[in-house]
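Sequential numbering from 1 along the given sequence is applied to the chain's residues. Worth knowing before you read on, the calculation uses all heavy atoms, side chains too, and leaves out hydrogens, waters and symmetry mates.
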Amino acid sequence: MSKNPSSSPPSSPSSSPSPSPSAARFDLPEPDAFTRPYWDAAAERRLLIRRCGACGAAHHYPREFCPRCWSEDVTWERASGRATLYTWSVVHRNDLPPFGKRVPYVAAVVDLEEGPRMMTEVVDSGPGELRIGMALEVTFREGGGFVVPVFRVRVRAGAEAGVGAGD
């Protein structure tokens, strides 16, 4: 078996050059005319969902039709920002920029109070602190010129002021 002298061996991950500042990022949305209201609201720290005027179902990710009854009578609605944790996974390795700098991170699916499920990230908590069904609230991460909704464990009313269950 002969080797082609013009071919070079594949580079190993350790010998790969670092991505340039202008390198592609895989964590940024690509807004279009339809999703622009969602991203504009996120920049204002508001989470939007879509609601069907025909059957009343709420849905997320944004679509121009209702995935339940196929009606095109859907409108934007502000979500409460409250959710419960449906499932999660701790990501220890991700080679796509800029995720490698964030590992480990918690990729999650949450049930929004309004009904839809949403893929997201849980921040400000260690994976050992998370439990299925626990209360979460939306927060927002800035980066790359965008604001993206993520979730954190919901703080009980009064907990921030140091009021405990036995007080």
Side-chain angles (χ1 to χ4, degrees), residues 24-69 71-94 96-165:
R25 287 187 54 171
F26 294 89
D27 65 330
L28 299 177
E30 295 182 13
D32 57 24
F34 172 69
T35 62
R36 177 67 54 197
Y38 178 85
W39 297 111
D40 288 348
E44 297 170 358
R45 308 311 194 260
R46 295 180 297 119
L47 177 61
L48 296 184
I49 57 172
R50 301 281 283 172
R51 178 147 333 253
C52 179
C55 73
H59 64 271
H60 185 82
Y61 63 91
R63 286 164 274 197
E64 296 184 54
F65 62 90
C66 174
R68 182 173 168 197
C69 74
S71 171
E72 293 181 6
D73 180 18
V74 290
T75 57
W76 293 105
E77 174 182 299
R78 185 174 185 166
S80 68
R82 291 183 296 272
T84 56
L85 185 58
Y86 177 74
T87 191
W88 79 95
S89 179
V90 179
V91 179
H92 293 278
R93 180 177 175 146
N94 188 331
L96 296 174
F99 296 106
K101 294 177 184 176
R102 293 186 191 157
V103 294
Y105 62 89
V106 178
V109 177
V110 301
D111 288 328
L112 299 176
E113 188 173 76
E114 293 79 10
R117 282 203 171 128
M118 178 178 176
M119 291 184 69
T120 187
E121 182 178 345
V122 176
V123 297
D124 302 332
S125 294
E129 302 169 43
L130 301 177
R131 300 288 178 263
I132 290 175
M134 74 185 319
L136 304 173
E137 64 188 4
V138 73
T139 188
F140 295 87
R141 177 182 27 241
E142 294 184 45
F146 287 94
V147 179
V148 178
V150 295
F151 284 77
R152 64 181 173 211
V153 175
R154 191 179 328 153
V155 178
R156 291 186 296 117
E160 290 179 332
V163 177

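- The backbone N or O of Arg46 sits nowhere less than 3.5 Å from a side-chain atom of Arg78 that would complete a donor-acceptor pair.
- Glu77 CD to Leu47 CG: the interatomic distance, rounded to the nearest 0.5 Å, is 10.5 Å.
- Between Leu48 and Pro37, the shortest heavy-atom distance links the atoms CD1-O, 3.5 Å.
- With ring centers used as reference points, Phe34 lies under 6.0 Å from Trp76.
- The CZ atom of Arg82 sits 12.5 Å away from atom CG of Leu136, with the distance rounded to the nearest 0.5 Å.
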Practice item. Output, in order, the C-alpha distance, side-chain angles, deciding distance and verdict of side-chain contact (heavy atoms from CB on, under 4.5 Å) for Val138 and Phe151. Key: CA-CA 4 Å; Val138 73; Phe151 284 77; 3.8 Å; yes
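- Ring planes of Trp39 and Phe146: perpendicular class, angle over 60° (limits at 30 and 60°).
- Salt bridge status for Arg141 with Glu121: present, with a side-chain N to carboxylate O gap under 4.0 Å.
- Annotation: side chain of Trp88 is in contact with side chain of Ile132 (closest heavy-atom distance under 4.5 Å).
- To the nearest 0.5 Å, atoms OG1 (Thr84) and CZ (Arg131) are separated by 15.5 Å.
- For the residue pair Met118 and Pro149, the shortest heavy atom distance occurs at CE-CG, 3.9 Å.
- With Arg51 contributing its side chain and Ile49 its backbone, the two residues share no donor-acceptor pair below 3.5 Å.
- In this structure, OG1 on Thr120 lies 8.5 Å from NE2 on His60, to the nearest 0.5 angstrom.
- Residue-environment remark: CZ (Arg68) stays at or below the threshold of 12 foreign heavy atoms within 6.0 Å.
- By the 6.0 Å contact criterion, CZ on Phe140 is enclosed, its count of non-hydrogen atoms from other residues, nucleotides or ligands being greater than 12.
- Within a 6.0 Å radius of CZ in Phe65, more than 12 heavy atoms belonging to other residues, nucleotides or ligands are found.
- In this structure, Cys66 SG and Asp73 CG are separated by 9.5 Å, a value rounded to the nearest 0.5 Å.
- With Arg154 contributing its side chain and Arg152 its backbone, the two residues share no donor-acceptor pair below 3.5 Å.
- Between Arg45 and Glu142 there is a salt bridge, since at least one side-chain N of the basic residue sits less than 4.0 Å from a carboxylate O of the acidic one.
- The minimum heavy-atom distance between Ser80 and Glu113, with the atom names listed, is OG-OE1, 3.2 Å.
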Practice item. Take Val153 and Leu85, measure what side-chain contact (heavy atoms from CB on, under 4.5 Å) needs, and give me the verdict at the end. Key: CA-CA 9 Å; Val153 175; Leu85 185 58; over 6 Å; no
